[in-house]
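Read through the structure below, which is laid out as structure tokens, and then see the notes.
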2 protein chains.
Amino acid sequence: MDKYEKVIELAKRRGFLWNSFELYGGAAGFYDYGPLGSTLKRRIEHIWRELYVIHEGLMEIETPTIGIEEVFVASGHVGGFSDPLCECKKCGEAFRADHLVDDIVEVADALSNTELDALIRNNDIKCPECGGDLGDAYEFNLMFRTAIGPGSGRAGYMRPETAQGMFVNFQRLLKFYRDKLPFGATQIGKSYRNEISPRQGVIRLREFTQAEAEIFIDPRDKTHPNFERFAGTVLNLYSEHGQEHGTTLQVTIGDAVKQGIIAHEFLAYHIALTNHFLRRVGISPDHLRFRQHKKNEMAHYAIDCWDAEIKTDRFGWIEVVGIADRTDFDLNAHAKTSKTELSVYIEYDEPEMVTSFVVKPEMGKLGPAFKGKAKDVADALKAMTREELEQDGITVVVDGEEFIVSPGLVKFTEETVKVSGETVVPHVIEPSFGIDRILYCTMEHAFNEEMVAVHEGRDGKESKDPKEESRIVFKLQSEVAPVQVAVLPLMTKSELIGPANKIVALVRDKGLLVSYDDSGTIGRRYRRNDEIGTPYSITIDYESLDDRSVTIRDRDSMDQVRTPIEGIEDLIYELVYGGREFKTAGTPV
Amino acid sequence: MDKYEKVIELAKRRGFLWNSFELYGGAAGFYDYGPLGSTLKRRIEHIWRELYVIHEGLMEIETPTIGIEEVFVASGHVGGFSDPLCECKKCGEAFRADHLVDDIVEVADALSNTELDALIRNNDIKCPECGGDLGDAYEFNLMFRTAIGPGSGRAGYMRPETAQGMFVNFQRLLKFYRDKLPFGATQIGKSYRNEISPRQGVIRLREFTQAEAEIFIDPRDKTHPNFERFAGTVLNLYSEHGQEHGTTLQVTIGDAVKQGIIAHEFLAYHIALTNHFLRRVGISPDHLRFRQHKKNEMAHYAIDCWDAEIKTDRFGWIEVVGIADRTDFDLNAHAKTSKTELSVYIEYDEPEMVTSFVVKPEMGKLGPAFKGKAKDVADALKAMTREELEQDGITVVVDGEEFIVSPGLVKFTEETVKVSGETVVPHVIEPSFGIDRILYCTMEHAFNEEMVAVHEGRDGKESKDPKEESRIVFKLQSEVAPVQVAVLPLMTKSELIGPANKIVALVRDKGLLVSYDDSGTIGRRYRRNDEIGTPYSITIDYESLDDRSVTIRDRDSMDQVRTPIEGIEDLIYELVYGGREFKTAGTPV
């Protein structure tokens, strides 16, 4: 079993992840979150909201998952959101054409369908399922299509990203933020991608959860007001240049901007914030890097793009977040398709004095002189330069006819006017998170199998003869663990159950995720909680009834301390959220 | 403008609700939640999770919104989830056939398509759009259909309810809860209904959010362990009997069960919990009733169903929650379709002694007597009763041939064996919440227009001559308000902005939703916060710099108190969550 298999086995057994529709044989590309997986996901989303919505002030919105065709025509998804599909002429099985030539060329996904066909023919590639001949590659649109309303209905698509919901609401959002840049909105929700043939389990889903922010900024100023917060943060940067040499750079965010590795402060700030988030939910820093998109893989309109990539045991480095400067592409696309101006009027801090040359034909004199042509002559004069107008006899051409205007019939002057602002189309900075992949990676990075000395017999009593045993432990961050504290009466006796339930209530009222478990030996319950990643377990024993104290066990060290029941909820809270060290939590047992 | 229009106008203007895809002319049946609406929705969902997931222990799961066909064949949605559709022969517009005859008959939705056609013809009903002739009514399936994978793909549907995700995971859940009834799971997520022609704004959506619990209980015992908690709660019950007479009963939950109005304790507990939830999010008790389904509207398998209905200004009483005892229907349906046993083995508290009659043919003697037929004779004997076996000569028929068995060749006896349990198919109690409708109703019930005396001039200074002005105020519960406290420096001056931002940070770290607002006069900012339902506003003025105190304004009474900055975060927290009375918050101003 490789690590992926081990993690998924545990995840299924303990209620984190289940294959969807298993009762009916399942369907590739769909996974269910069981009780613990769903809670873990809520915790990860909660931290994302805290960072992006509360602290960055990027308010959350919620738009439908079904979209009308116009939106995805404008966004380019109807035209271009596709993968090359290749079907077996014999068994009818469908394949990603680029995946079939993966081993032969380096950037298979950059090839045209004609190039793919040629490679398949020249290398005599056959159907991996039945060995039959393969048909020509063609583009398969990856949006799930449906119809809205009765009859053939109006074309609708399951959204391939949440981002378009923010773009089409640009005007509403601009008004909400009282016409001031920068501003932004976020969305956490389902997106869909009708994969041709998903074969990577929970890594490639047809229905997945995105957390996206679209931040509208002033295109003339891409500094970030809080850049200093992260300027000293060191990241693993796998830049375009580095990729040519296979080298990852360890550099501060501040230096990366100074050296022009990252395009500008605003993007760099969001790369660093992404790092902060991923670390906080439990991604190991040595399995995390930021990879810059190469010029040839980046969308033509984008200025700079970086992916957060996490190293996994089976799939290698996988992309979990994209952070891009999308420029004004999306707003311009929707402006054009909807025939609506999507821009911001930005007032200057100080009005600017702008000097311009103004021509004032004297209509009272031009009229009698040129009759019906006076208006045309005046317009022609207005378009002239100072030099032309300073001639003695000014020659004007109207409809191919020449007129001579004497200097007294036209005045010209330089005028200085106050301009107080200008209209700009904002640029968009987009951090886009794949929550399901991040969740899987937190599990893989937290997964540990270790040999430990067990001092406790199967009966739950201390054994004189400790023995080595292997244990599986999910070392999840306390903050994201679906059970943060387990309360365990040593025996299933009412005199212990009562006080245990009181502790459950105390800790729960503090907002912590708590479970009560009285089934099986204490050792077995510790193992069970190790497997689901419960950082702390509280055991109530007969001594507790006398001395009003309990034992707390630390998941990672398996150390135990004795501590009073009084104030236990605050103690656990500090252990989980306050960074309090376990060894300060009581008297070692 | 009726109240619906007023609420929606405010909701649009202030960023609660927006028409989806407005940039492209919109689409009926879809709404966006703006920044404040989305936050309000998260707050409502948060309270639901606290009650159902944390306190009831019904763990949340998350299953895909796209479902495979097998699931919805078993659930009956492929066959029966439809509305009668009627199209205009001239303009092609589609209508709900039952809605066309709404004014003519009382229970239009109970009519067959033939009955609807007859009514439409006999009453000469024409197309409401163009006056054209209407075609025959036919059933239109309300699930959005799509295809999973390439080619014609595998049929998929957008789920019409979250419930099926729990049912198909019954076995996984049973194992998670260690094979003990009752247990349950919940889901908060999107569901879909491809309405023929939705015309009721946010009340009838094609994509909506459900919060559902499926609780699996022992069919032999429908008492509830915590029933006492709600036994004394008085509810407005609009029972089947009451509906015949148009009377609503005010009765305690305990009496309703005793008198047989509500079928049993478990259902009654969940009706009361629904009431508790709706009250907590801000539904007025006098606009809330529970309506029992009539026998003829209830699904044939259900034992008892109640809808929570809320009174709205435009639409009258609308259903927002359904609470049903669905019996073993869903599990049996999936068991049959999937050919899998979906049941629980329940161990008795005490093993039962069960006595049965056992026949023991003596094979050693039957063999020689009946040769090749001995086995068949023995089987025939085993199926006989004591009376038959007590005959002198026992007649046995095998393959139409008669055999006489003498009494010495068969023994029979009564045996008593210990039976320690039995296998049952659990019944399901389902509370199903429509979150979007509930959210709209909290807004409608919170919406107030009132005349108030304004003591403050347009310049923000106190005016000697108070005048009457109308104000709009959203009296949302503090707990659900999208902004719980606004921090307002009296003037946009750095010496006030600094301390204001410090208060923002303090209050935010306490987990409260806080906004900072320094634009416009203080009076205008109070109005703006009244309109979005901010319960408390903190004003920092020049005095604050000297006396380290601030003014807090109460939204509903518009009273103001002066209170120290020190500890302000705890004070606001108690006002919002602790039920602390505003008048105790400081010195009246």
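Letters A, B, ... are given to chains in the order of the sequence lines, protein chains preceding strands, and every chain is numbered from 1.
Within the 4.5 angstrom heavy-atom criterion, only side-chain atoms of A:Ser20, from C-beta onward, approach chain B. Only the side chain of B:Leu342 comes within contact range of chain A, with at least one heavy atom under 4.5 Å from a heavy atom of that chain. In this structure, the portions of B:Thr65 lying under 4.5 Å from any heavy atom of chain A include both its backbone and its side chain. In this structure, the portions of A:Thr337 lying under 4.5 Å from any heavy atom of chain B include both its backbone and its side chain. Proximity to chain A (any heavy atom under 4.5 Å) is shown, for B:Arg13, by both the backbone and the side chain.
Interface summary for chain B: among A:Val53, A:Val168, A:Val71, A:Ile148, the most heavy-atom pairs under 4.5 angstrom belong to A:Ile148. Of the listed residues (B:Gln171, B:His334, B:Gln164), the one with the most heavy-atom contacts under 4.5 Å to chain A is B:His334. Contact tally against chain A (heavy-atom pairs below 4.5 Å) for B:Gln187, B:Met158, B:Lys175, B:His55: the top residue is B:Met158. Contact count against chain A (heavy-atom pairs under 4.5 Å) is highest for B:Tyr24 among B:Phe30, B:Tyr33, B:Tyr24. The residue among A:Pro64, A:Ala94, A:Ala74 with the most heavy atom pairs within less than 4.5 Å of chain B is A:Pro64. When B:Lys339, B:Arg145, B:Arg172, B:Lys190 are compared by the number of non-hydrogen pairs under 4.5 Å with chain A, B:Arg172 comes out ahead. Considering only heavy-atom pairs separated by less than 4.5 Å from chain B, the leading option among A:Arg178, A:Arg206, A:Glu195 is A:Arg178. Taking chain B as the reference chain and counting heavy-atom pairs below 4.5 Å, the highest number among A:Leu205, A:Ile54, A:Leu142, A:Leu85 is found for A:Ile54. For the options A:Leu36, A:Asn169, A:Thr340, heavy-atom pairs under 4.5 Å to chain B are most numerous at A:Asn169. With respect to chain A, the highest number of heavy-atom pairs below 4.5 Å among B:Thr39, B:Ile196, B:Asp32 belongs to B:Asp32. Counting heavy-atom pairs closer than 4.5 Å to chain A, the top residue among B:Lys12, B:Glu22, B:Arg14 is B:Glu22.
A salt bridge does not link B:Glu60 to A:Lys41: none of the charged side-chain nitrogens sits closer than 4.0 Å to a carboxylate oxygen.
Using a 4.5 Å cut-off on side-chain heavy atoms (C-beta onward), B:Ser38 and A:Met59 make no contact. Using a 4.5 Å heavy-atom cutoff, the side chains of B:Leu173 and A:Trp18 are in contact. Inter-residue side-chain proximity for B:Thr209 and A:Glu62 is flagged as met; some heavy-atom pair is nearer than 4.5 Å.
When all heavy atoms of B:Ile68 and A:Ala27 are compared, the closest pair comes out as CG2-CB, 3.9 Å. Scanning both residues, B:Gly15 and A:Phe176, for their nearest heavy atoms gives CA-CD1, 4.3 Å.
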Q: Go through A:Tyr31 and B:Thr63 one step at a time and tell me if the side-chain hydrogen bond (donor to acceptor under 3.5 Å, both in side chains) criterion holds.
A: CA-CA 7 Å; A:Tyr31 259 85; B:Thr63 69; over 6 Å; no

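Heavy-atom neighbours of B:Tyr177 OH from other residues, nucleotides or ligands within 6.0 Å: above the threshold of 12.
Contacts from residues 507-518 of chain A to chain B, taken as heavy-atom pairs separated by less than 4.5 Å, involve A:Arg508, A:Asp509, A:Leu513, A:Asp517 in sequence order. Below 4.5 Å, heavy atoms of chain A meet heavy atoms from B:Arg49, all part of residues 44-52 of chain B.
Between the A:Glu207 side chain and the B:Ile66 main chain, a donor and an acceptor come within less than 3.5 Å of each other. No donor-acceptor pair closer than 3.5 Å links the side chain of A:Thr146 to the backbone N or O of B:Phe144. A donor-acceptor pair under 3.5 Å links the side-chain atoms of A:Asn194 to the main chain of B:Ala147, judged by distance alone.
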